Amino acid sequence: MFLSVFDMFKVGIGPSSSHTMGPMVAAARFLDKIRAAPFECAGVKGTLHGSLAFTGVGHATDRATILGLAGFLPDTYDHDEAEKVMEQIRETNTVNPEGLPPLHFNPKEDLLFDFGPNLPGHANGMVLMATDKQGDTILQETYYSIGGGFVMTEDELASGRNTDEGDPVPYPFKSAVEMLEMSEASGKSIAEMKRANEISRRAETDMTAGVKRIWQVMNDCIERGMNTDGTLPGGLNVKRRAKGIRDALIAERGTNQNAPHKINDWMSVYAMAVNEENAAGGQVVTAPTNGAAGVVPAVIRYYLDHYPGASEDKVEEFMLTAAAIGGLVKFNASISGAEAGCQAEVGSAAAMGAAGLCAVMGGTAMQIENAAEIALEHHLGMTCDPVKGLVQVPCIERNGLGAIKAVSAASLAMRGDGTHLVPLDACIETMRQTGEDMMDKYKETSLGGLAVNVPNC
């Protein structure tokens, strides 16, 4: 089993990896299908199902799909250009993707929200169609956005296909048990094994440069969030708080107000800064999703800014370790809030952050596995209930608390020798089972929890 560090950490746009990035990627894939068709298409249309329908407006799913059909991709997204193109589409009822003739598309009529039962493959389903000049469907594909920006067609999902389609990697661990066994047998750390897997698929210089870019985008996102105030879009009138809290923390340095517990506030500020940027539709990195994008970068900033002897040279080790743990969670359970609740998003992110921090603090493979288990265990059962379908409440603060849990989990694991009662594999399987048992109204549909109990929404 191989999921690259660049599968777990992808540059994209807010507010959601599964509801914004995924549909945009699906639309781009459908354009490729049209380009390869032996006949000429005259128009495109689509339907959004399940969670993509119920929280689609709040997550900008419709907008992302439309822009995807116009040729936009998450990793090269330009907001100003997107605004111009959206206005042109509204005026002309036409999309103009590269390599294709103008395609008829009326945003008000040709992209529909279907609030009926979910499509059979996943809670995040969408159907895209191409039409002829008479408006009849001549090409159709069903896509599922399965979390973290990953997209699969109906056939790919049914066949069990994953991203591991290349040559075998040196350390193909599919479980935490296999990971620990391979680490012990090889004498390599988790990060070293992950690095060996990565450079079996790409040049080491490319891998190193790619990881540096991912961290740069993460850190830039933190800085933008900590230097921007105002009110977030969407109608809840949620005020950005990261800048104000950061400014207050700086002002309190060296005073009798500088209590030790304020380190938690710093971790929260780093995470909240990212998720406020995400909520505003800014550039973020899936870690492993947009809804949980603040946890891992917050833990890295905690390490760099507050841990004695920290070195930026160790960020690669952190991210490789975190990606290894995230890959185990995705392969054996889920990172999708629509599939398993927020335990699959912030819970997975906390496990990744705890593992990465434990690694750069000198933890053994067993201690790293223990750190990940502690962090994930204490998110089990967490629902996904975004108020008004927006990735704001409770998502922004939840990332801060996820980062705090991650640091605490890493610290606790370092206090032991790695032996513990509940294996990480058992915790991941428990999360999967809990997600299956969880009622749909608590899985990113905004039909339960805080989404229906907060007044004036």
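Nothing here was measured: the structure is a model prediction, and the numbers come from that model.
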Strictly below 4.0 Å, N to O, side chains only: are [X] and [Y] in salt-bridge contact?
| X | Y | value |
| --- | --- | --- |
| Arg432 | Glu429 | yes |
| Arg241 | Glu397 | yes |
| Arg195 | Glu198 | no |
| Glu83 | Arg63 | yes |
| Arg240 | Glu277 | yes |

Any side-chain donor paired with an acceptor under 3.5 Å for [X] and [Y]?
| X | Y | answer |
| --- | --- | --- |
| Asn219 | Glu223 | no |
| Glu141 | Thr153 | no |
| Ser334 | Glu339 | yes |

Give the minimum heavy-atom separation between [X] and [Y], together with the two atoms involved.
| X | Y | answer |
| --- | --- | --- |
| Ser16 | His59 | CB-CD2, 3.3 Å |
| Pro101 | Cys41 | CG-O, 4.2 Å |
| Arg35 | Pro97 | NH2-CB, 4.1 Å |
| Leu111 | Thr47 | CD1-N, 4.3 Å |

Between Phe54 and Lys443, is there a cation-pi geometry (under 6.0 Å to ring centre, at most 45° from the normal)? no
Quick one: are [X] and [Y] in side-chain contact, heavy atoms under 4.5 Å?
| X | Y | result |
| --- | --- | --- |
| Val127 | Asp114 | no |
| Ser4 | Arg201 | no |
| Phe113 | Asp62 | yes |
| Val391 | His19 | no |
| Thr61 | Met126 | no |

Step by step, would you call Asp440 with Leu447 a side chain to side chain contact (heavy atoms under 4.5 Å, CB included)? CA-CA 8 Å; Asp440 284 346; Leu447 297 176; over 6 Å; no
| request: Would you check, one step at a time, whether the test salt bridge (Lys or Arg N to Asp or Glu O under 4.0 Å) holds for Arg29 with Asp32? | output: CA-CA 5 Å; Arg29 288 187 62 181; Asp32 288 338; over 6 Å; no
